[in-house]
Amino acid sequence: MTDPKIDATRPSSARVWNYLLEGKDNFAVDRELGEALRSAHPGIVAVAQAQRRFLIQAVTLLAGEVGIRQFLDIGTGLPTADNTHEVAQRVAPESRVVYVDNDPLVLVHARALLTSSPEGETAYVDSNVEDPERILSEAAWTLDFSKPVALTMIGILGNVADYAEARSIVQRLLAAMPSGSYLAVSDGTSTSVQSVQSQRIANQSGHPYNLRTPEEIGGYFEGLELLDPGVVSTSLWRPEPGTEPAALDVYCAVGRKP
């Protein structure tokens, strides 16, 4: 955590999320913002946990039941337990995974994301989500875009200020992928006063994040075939049998490119 490119004076999305998930790869400035967000929106830790659970569920489903063997994970965040390649390769060891992030600390820890099974492969692309052409060009060294790919974008599209641009990014990425590819998105929503207040605090801290409406989350899936249960609060996406989770200020879906 001493890389000169890492700015410990400004909060980072990856590090704040790491703190909320009880990780150790964060600085005082990240913990300060994390506590301010938690104070304004007590449910934000549950949001972070729900997004993590959704990623694991979606990758497990796509690698297993659906049979996808290629994953493009944009907005990777800091390594935790059950990273995308670990989940996918546990189901199908030959799975190939490309991670994309532009946080310097994520890059420092990238070697933890590159521990592939012998049969599969993992790679890391240092790029901003707003440069989909570069992402696709570099990912093509590892992924075969003539075959289906699962595109996962968890908690990343809210970093794009303009909603139309965020949709355009998704469309440009999917345009490079064949029929049978999948999109999984989960992002924060403006569905409570507390959520909006936490966004205001984040913006004032120099760590802007743009909440969407559930309808806007659904807009990312235009032209795709939604898997059940469609666009829902992330905590309600295929909950464990016998559980009754509460809805949270974060929505998600998984869709198939026809």
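Only a predicted model underlies this, so the values are computations on that prediction, with no experimental measurement involved. All values below were derived from every heavy atom in this structure, side-chain atoms included, with hydrogens, water molecules and symmetry-related copies excluded.
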Side-chain donor-acceptor contact under 3.5 Å, [X] with [Y]:
| X | Y | result |
| --- | --- | --- |
| Q197 | R200 | yes |
| S192 | D249 | yes |
| T80 | R52 | yes |
| T234 | Q51 | no |
| R53 | Q49 | no |
| S116 | Q89 | yes |

Could you give the distance from [atom1] ([X]) to [atom2] ([Y]), rounded to the nearest 0.5 Å?
| X | Y | atom1 | atom2 | value |
| --- | --- | --- | --- | --- |
| K147 | M177 | NZ | CE | 15.5 Å |
| L72 | L173 | CG | CG | 7.0 Å |
| R90 | S117 | CZ | OG | 12.0 Å |
| I154 | D187 | CD1 | CG | 8.5 Å |
| D101 | I156 | CG | CD1 | 6.5 Å |
| L62 | Q57 | CG | CD | 11.0 Å |

What ring-ring contact (aromatic ring centres under 6.0 Å, His included) pairs are there with at least one residue in [range], not counting sequence neighbours?
| range | result |
| --- | --- |
| residues 56-108 | H85-Y99 |
| residues 35-64 | F54-W237 |
| residues 156-178 | Y163-Y220 |

K257 side chain to P178 backbone, donor-acceptor under 3.5 Å: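 It does not hold such a pair.
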In chain order, what residues pass the side-chain hydrogen bond (donor to acceptor under 3.5 Å, both in side chains) check against [X], with sequence neighbours excluded?
| X | result |
| --- | --- |
| S179 | none |
| S146 | D144 |
| N18 | N26 |
| R172 | E133, E165, S168 |

So which of I217, V185, T191 actually passes side chain to side chain contact (heavy atoms under 4.5 Å, CB included) with R212?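 With R212 as partner, side chain to side chain contact (heavy atoms under 4.5 Å, CB included) holds for just one option, I217.
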Which of these passes side chain to side chain contact (heavy atoms under 4.5 Å, CB included) with L113: T76, V98, T84?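 That would be T76.
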Residues that F145 engages under ring-ring contact (aromatic ring centres under 6.0 Å, His included), provided they are two or more places apart: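 Scan of F145 (ring-ring contact (aromatic ring centres under 6.0 Å, His included), adjacent residues dropped) gives none.
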For residues [X] and [Y], determine if any side-chain heavy atom of one lies less than 4.5 Å from a side-chain heavy atom of the other.
| X | Y | result |
| --- | --- | --- |
| C252 | V231 | no |
| S95 | Q70 | no |
| R15 | L78 | yes |
| L33 | S205 | yes |
| L151 | S181 | no |
| S186 | V250 | yes |

Applying salt bridge (charged side-chain N to carboxylate O under 4.0 Å, His left out), name anything that partners [X], two or more places apart in sequence or on another chain.
| X | answer |
| --- | --- |
| R10 | none |
| E22 | none |
| E216 | none |
| R38 | E35 |

